[in-house]
K.L.:
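Right, I'll just put the structure down here and ask away after.
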2 protein chains.
Amino acid sequence: MSKRHVSLKTIAQALNVSMSTVSRALRNHPDIGPEVTRKVQELARELQYTPNPLAIGLLKDKTNTIGVIVPDLVTYFFSSIISGIESMANEHGYHIVIRCSYESYDKEKECLQDLLRLRVDGIIMCLAQETQDYTHFDTVLESETPLVFFDRVCRSNEVATVVVDNQEAARRITRHFFESGYRRIAHIAGPAQLNITRERIEGYKQGLAECNLPFDANLLAYCDLSIASATAATQQLLALATPPMLFSGLMIRRPSRP
Amino acid sequence: MSKRHVSLKTIAQALNVSMSTVSRALRNHPDIGPEVTRKVQELARELQYTPNPLAIGLLKDKTNTIGVIVPDLVTYFFSSIISGIESMANEHGYHIVIRCSYESYDKEKECLQDLLRLRVDGIIMCLAQETQDYTHFDTVLESETPLVFFDRVCRSNEVATVVVDNQEAARRITRHFFESGYRRIAHIAGPAQLNITRERIEGYKQGLAECNLPFDANLLAYCDLSIASATAATQQLLALATPPMLFSGLMIRRPSRP
DNA sequence: TTGTACGCGTTATCAT
DNA sequence: ATGATAACGCGTACAA
C-alpha cells in the first residue's frame, strides 16, 4: 500500500463509506446525498486527492498521451513544432512524450516500438533522414494507433500527413506581390534536383500566369540553400532592381483512403 | 475487452495455462518447464505481446516517467537541455513528458500539478521568469517526488540544483589562458548588477591572482549582453592588443540538507 | 511445476 | 441513496 498517494480507499475508510460512494460523490453523481457529497469533496480537497491516471488508463484503455518523434530536438524547426504540439495537446487534456530518432532508421524503429508499448493514444512524427524502408509502420497501422507524419512523409495514402505546400505558398506570395503593386517579381530557388525547388518554381510560374505577368528567366536565380549562395543570388537579382522574397504556406493533407 | 492489445490472459487462454504461468515463463522464471516456457515465449513473440506499463505502474507505483518543465521550448538553450535529458532518460528506461510554462507563474503551477497527477517518478525543471513565490513546491516536496532545478533555481537547501558555476568557469578559463602562455588576459562582463556578472568577474580575478597576474582595470570591459555592445567592448579591448575569451563550466550542486 | 487468490485504483453494473 | 462486485493487466505469496 502506497502512502504516497491518497486513493478512493483512503477517503472511503476515513469517512466510513464505500469506495463507490466516494467515486460517485466526487463526480457529483445525482444519486449521492448532498451531505455525503459535501463531506467527501471536502476531504478530497483537503487530502489533495487526484485520481490515478494509471488506473483510469487501464480501465478505459486510454492514456491521454501523444507520442512525438522528431529527428532532432534542437533545430528550431522541430522545437517550434514540438512547442505547438505541446500547447495544443495540453489544451485538450493530453500530454506528450518526446522521442528523438537522431536521423537514424534503427533509432526511429526503436522509438516507434517504445511508444506503442507505452500505449500512446496517437503518434505524431517526422521521418528520419536515413529511413528508406517504411515497413516498420505496419505495426503501427495494425495497432490502429492514429499516426500523423509531418514535413517528411511516406505512405501518404494510408497515413495522414502535414506538409508545407510549397507550390501553393509560392503561388500565393507571387500573387501577393502583384496585388501589392509590384510587376517584376523574382524568385530565388534551391538546388534544381529537389522537389521543393520544383514545386516552388511551379507555384511561382503559376502565380505569374494568374497575374498575366510574363515569366522572365533572368528573374529566376538558384542557390544551394546556404547563406553565402543565397546572398550571391540576391545580389545578382538586386543588380536587376527588385528584391525578391519567398514565403511558405502550410497545408493539411488527409489520407486519400481513410 | 480490448482486442487492440494482447495480454497475459490472451496467451494463457490460447495455451490453456494460467496467467501466472505465462507471466513467469516470459520472465524466464526457473520454476517453469522449458517446454512450456518455449511455447509461451514463441506465442508471445508471434502475437507481439508487450506488457502493459499501466498495469505494471499501478502495481509498482512507478511510471518510469520523468516530467520536464521549461519556460520555453524553442530557445536553443532549453531545447538542447531537453535533448540531453531525453537521451539520458532513454538510456535508463525512462521516458519524458514535456511541459512548458511560457515564463508564466500560473502556468508553472499548473504544469507542476499536472505532472504530479500523472505520478511522474521525478521532475526536472527551470523556473519561470515570473515566479517569485516558491510555496507551490511544497506540494512536490510533500509528495516526495524527486525534484531538480536547473539554471534558475530556488530553495536550494531543500532541492537539488544544476547550475552554471560562473565563478569557477571564469577562474578556470583564466588559468587556461595563462597556462597556454598568455599574460594579458581580458574579460568582457555583462551588466554590473547581475549575479552572473559579479560571479564571473570574481572568478576572473581569482584566476589572475592564482597566476600571479595583476588585475588591470583596463582589461575589464562591460557590455549589456547584446551582440552590438559585445562587439563594441571587443573592439575596445582589441585596441589594447589581446583578444579576450570567456567560457562557462557546469557544476552539479547537491542540496546541503539531503 | 503449475494454479489460485489478492491487490494496485478506478468505473460500471447489479443488488440492496 | 448506498454498497458489494467485477473488470482492466500484471506480479507474487501461497496453495496444491
Side-chain angles (χ1 to χ4, degrees), chain A residues 1-41 43-44 47-65 93 116-121 143, chain B residues 1-41 43-44 47-65 93 116-121 143:
Chain A
M1 96 201 54
S2 70
K3 62 164 179 292
R4 274 190 59 202
H5 299 289
V6 348
S7 70
L8 290 184
K9 189 194 280 183
T10 320
I11 300 178
Q13 287 172 343
L15 261 46
N16 252 321
V17 292
S18 76
M19 287 170 48
S20 23
T21 300
V22 176
S23 174
R24 284 183 275 233
L26 287 174
R27 324 179 84 224
N28 283 311
H29 195 293
D31 279 359
I32 303 297
E35 187 58 18
V36 180
T37 301
R38 199 189 50 73
K39 271 189 158 174
V40 167
Q41 297 195 351
L43 186 59
L47 262 42
Q48 309 220 63
Y49 167 81
T50 62
N52 189 322
L54 296 179
I56 299 180
L58 194 54
L59 203 56
K60 303 244 175 105
D61 195 25
K62 180 151 198 286
T63 53
N64 276 293
T65 300
L116 289 182
R117 263 196 281 277
L118 270 184
R119 270 62 172 172
V120 295
D121 291 337
S143 76
Chain B
M1 92 202 57
S2 70
K3 62 164 178 294
R4 273 190 59 204
H5 299 290
V6 349
S7 70
L8 291 185
K9 190 193 281 182
T10 319
I11 300 179
Q13 289 171 344
L15 262 47
N16 255 324
V17 293
S18 75
M19 285 171 52
S20 35
T21 300
V22 177
S23 173
R24 284 184 274 236
L26 287 174
R27 322 179 87 227
N28 283 311
H29 195 292
D31 280 358
I32 301 298
E35 187 58 20
V36 180
T37 301
R38 198 190 50 73
K39 271 189 159 174
V40 167
Q41 296 194 351
L43 185 59
L47 262 42
Q48 310 220 62
Y49 167 80
T50 62
N52 189 323
L54 296 177
I56 298 180
L58 196 54
L59 203 57
K60 303 244 173 103
D61 196 25
K62 180 152 196 284
T63 54
N64 276 295
T65 300
L116 290 182
R117 262 195 281 276
L118 270 185
R119 270 61 172 175
V120 295
D121 291 336
S143 76

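What you see below is based on every heavy atom in this structure, not just the backbone, and it leaves out hydrogens, waters and symmetry mates. Letters A, B, ... are given to chains in the order of the sequence lines, protein chains preceding strands, and every chain is numbered from 1. Because the structure is a prediction, the values reported are computed rather than measured.
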K.L.:
With rounding to the nearest 0.5 Å, note down the distance linking NZ in Lys62(A) to CD1 in Ile56(A).
P.N.:
11.0 Å

K.L.:
Drop me the distance from Leu8(B)'s CG to Tyr49(B)'s OH, to the nearest 0.5 angstrom.
P.N.:
3.5 Å

K.L.:
Check the distance between dT2(D)'s C1' and Glu35(A)'s CD and give it to me in whole angstrom.
P.N.:
15 Å

K.L.:
Which heavy atom of His5(A) sits nearest a heavy atom of Asp61(B), and at what distance?
P.N.:
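Minimum heavy-atom contact is CD2-OD1, 3.6 Å.
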
K.L.:
Which residue lies toward the 5' end of DNA chain C, Val36(B) or Leu58(B), if each is placed at its nearest nucleotide?
P.N.:
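Closer to the 5' end of DNA chain C: Val36(B).
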
K.L.:
Tell me: OH of Tyr49(A) to P of dG9(C), nearest whole Å?
P.N.:
10 Å

K.L.:
Sequence neighbours excluded, which residues qualify as salt bridge (charged side-chain N to carboxylate O under 4.0 Å, His left out) partners of Arg117(B)?
P.N.:
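Partners of Arg117(B) under the salt bridge (charged side-chain N to carboxylate O under 4.0 Å, His left out) test: Asp114(B).
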
K.L.:
Considering residues at least two apart in sequence or located in another chain, which fulfil the side chain to side chain donor-acceptor pair (under 3.5 Å) criterion with Thr50(A)?
P.N.:
Arg119(B)

K.L.:
Below the 4.0 Å mark, does dG3(C) have OP1 or OP2 next to a side-chain nitrogen or oxygen of Ser18(B)?
P.N.:
yes

K.L.:
When you measure from the side-chain N and O atoms of Lys62(B) to the phosphate of dC8(C), is any distance below 4.0 Å, counting only OP1 and OP2?
P.N.:
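So the side-chain polar atoms of Lys62(B) never come under 4.0 Å of the phosphate oxygens OP1 or OP2 of dC8(C).
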
K.L.:
So, using side chain to side chain donor-acceptor pair (under 3.5 Å) as the criterion, who are the partners of Thr37(A) when residues are at least two apart?
P.N.:
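In terms of side chain to side chain donor-acceptor pair (under 3.5 Å), with neighbours along the sequence ignored, Thr37(A) is linked to no residue.
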
K.L.:
Where the side chain of Asp31(B) is defined as all heavy atoms beyond and including C-beta, which of dG3(C), dT2(C), dT2(D) is the nearest nucleotide?
P.N.:
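Nearest listed nucleotide: dT2(C).
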
K.L.:
Please pick, from dC8(D), dG9(D), dG7(C), the nucleotide with the shortest atom-to-atom distance to any side-chain atom of Leu59(A).
P.N.:
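For Leu59(A), the side-chain atoms sit closest to dC8(D).
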
K.L.:
Let me check the geometry of the helix from dT1(C)-dA16(D) to dT16(C)-dA1(D). What is the bend angle between the axes at its two ends, five pairs each, to 10°?
P.N.:
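Its terminal axes enclose an angle near 60°.
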
K.L.:
Can you check the Ile32(A) CD1 to dA12(C) C1' distance for me, whole Å?
P.N.:
13 Å

K.L.:
Separation of Asp61(B) atom CG from dT10(C) atom C1', in whole Å?
P.N.:
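After rounding, the reported distance stands at 15 Å.
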
K.L.:
Taking donor-acceptor contacts at under 3.5 Å, does the side chain of Ser20(A) reach the base of dA4(D)?
P.N.:
yes

K.L.:
Hey, is the side chain of Lys9(A) poking within less than 4.0 Å of OP1 or OP2 on dT10(C), counting only N and O atoms?
P.N.:
no

K.L.:
Please report the distance, rounded to the nearest Å, between CD1 in Ile56(A) and P in dC8(C).
P.N.:
17 Å

K.L.:
Rounded to the nearest angstrom, tell me the gap between atom NZ in Lys60(B) and atom P in dG9(C).
P.N.:
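Atom-to-atom, Lys60(B) to dG9(C), this comes out as 15 Å.
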
K.L.:
Between C1' on dC8(C) and CG on Leu8(B), what's the gap in Å once rounded to a whole number?
P.N.:
15 Å

K.L.:
Show me the side-chain donor-acceptor pairs of residues 21-32 of chain B shorter than 3.5 Å, one per line, residues at least two apart or across chains.
P.N.:
residue, atom, partner, partner atom, Å
Thr21(B), OG1, Ser18(B), OG, 3.1
Asn28(B), OD1, Gln41(B), NE2, 2.9
His29(B), ND1, Asp31(B), N, 3.1

K.L.:
With nearest nucleotides of DNA chain C determined for Met19(B) and Arg119(B) from heavy-atom distances, which residue corresponds to the more 5′ nucleotide?
P.N.:
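Going by which nucleotide is closer to the 5' end, it is Met19(B).
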
K.L.:
If you look at every heavy atom in Asn64(A) and Asp121(A), which pair is closest and at what distance?
P.N.:
N-OD2, 2.5 Å

K.L.:
Counting only heavy atoms and a strict 4.0 angstrom limit, can you tell me which residues of residues 22-29 of chain A come near DNA chain C?
P.N.:
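Within residues 22-29 of chain A, the residues near DNA chain C are Ser23(A), Arg24(A), Arg27(A).
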
K.L.:
To the nearest 0.5 Å, what is the distance between CG on Asn52(A) and CG on Leu118(B)?
P.N.:
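With rounding to 0.5 Å, CG (Asn52(A)) is 10.0 Å from CG (Leu118(B)).
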
K.L.:
Any idea which heavy atoms bring Gly57(A) and Leu54(B) closest together, and the distance?
P.N.:
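Taking Gly57(A) first and Leu54(B) second, the nearest heavy atoms are C-CD1, 3.5 Å.
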
K.L.:
Output the rounded distance in Å from CD (Gln13(A)) to C1' (dT2(D)).
P.N.:
17 Å

